[in-house]
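Have a look at the structure below before the remarks.
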Amino acid sequence: MVDAHRFSSGSTSQLQEAIDTIVQAFGHPETISVTYTFEDGQKRTMIEVLTGDTAPIYELVYDGQDDGAEPEITPVGEDEQSPKPSK
């Protein structure tokens with residue numbers, strides 16, 4: 001059995017707002033899956049977006065060691081013709 005994490009009401013509000021922002025950026029898809037890794041200062045997030053019959057996957061990479069670097073998002077996988085999320 002997995003133990004549930006305890007969050008304060010303030011952090012749950014922030015969490016919901018962050019999720020809403022991600023979902024909105026991808027046009028409110030039917031389903032969205034997020035996988036996050038952090039290794040050697042680099043944050044890497046894989047986002048799978050299920051919309052109808054397609055499920056494009058995007059990779060968001062951020063180098064946490066470079067304060068001036070902006071995160072970059074690129075489509076990966078078989079469906080590379082999918083539109084990028086709106087900014």
Subject >> Non-neighbouring partners of L15 that pass side-chain contact (heavy atoms from CB on, under 4.5 Å), sequence neighbours left out >> reply: I19
**OP:** Any chance you could measure T74, atom OG1, to I57, atom CD1, to the nearest 0.5 Å?
**Re:** 11.5 Å
Original post:
Looking only at heavy atoms, what is the nearest atom pair of A69 and D63, with distance?
Top reply: CB-O, 4.4 Å
**OP:** Write out all pairs satisfying salt bridge (Lys or Arg N to Asp or Glu O under 4.0 Å) with one or both partners inside residues 13-23, taking only residues at least two apart or from two chains.
**Re:** none
Original post:
Looking only at heavy atoms, what is the nearest atom pair of A55 and E48, with distance?
Top reply: CB-OE2, 3.7 Å
Original post:
Are V23 and I47 connected in the hydrophobic side-chain network, where two residues link if heavy atoms are under 4.5 Å apart?
Top reply: yes
Original post:
If you look at every heavy atom in P29 and T51, which pair is closest and at what distance?
Top reply: CB-OG1, 3.6 Å
Subject >> side chain to side chain contact (heavy atoms under 4.5 Å, CB included) partner of M46, chosen from V76, V34, L60 >> reply: V76
**OP:** Scan residues 33-44 for pairs that pass side-chain hydrogen bond (donor to acceptor under 3.5 Å, both in side chains), counting only residues two or more places apart or in two chains.
**Re:** Q42-R44, R44-E59
Original post:
Does Y62 belong to the same Ile/Leu/Val/Met/Phe/Trp/Tyr cluster as I22, with side-chain heavy atoms less than 4.5 Å apart forming each link?
Top reply: no
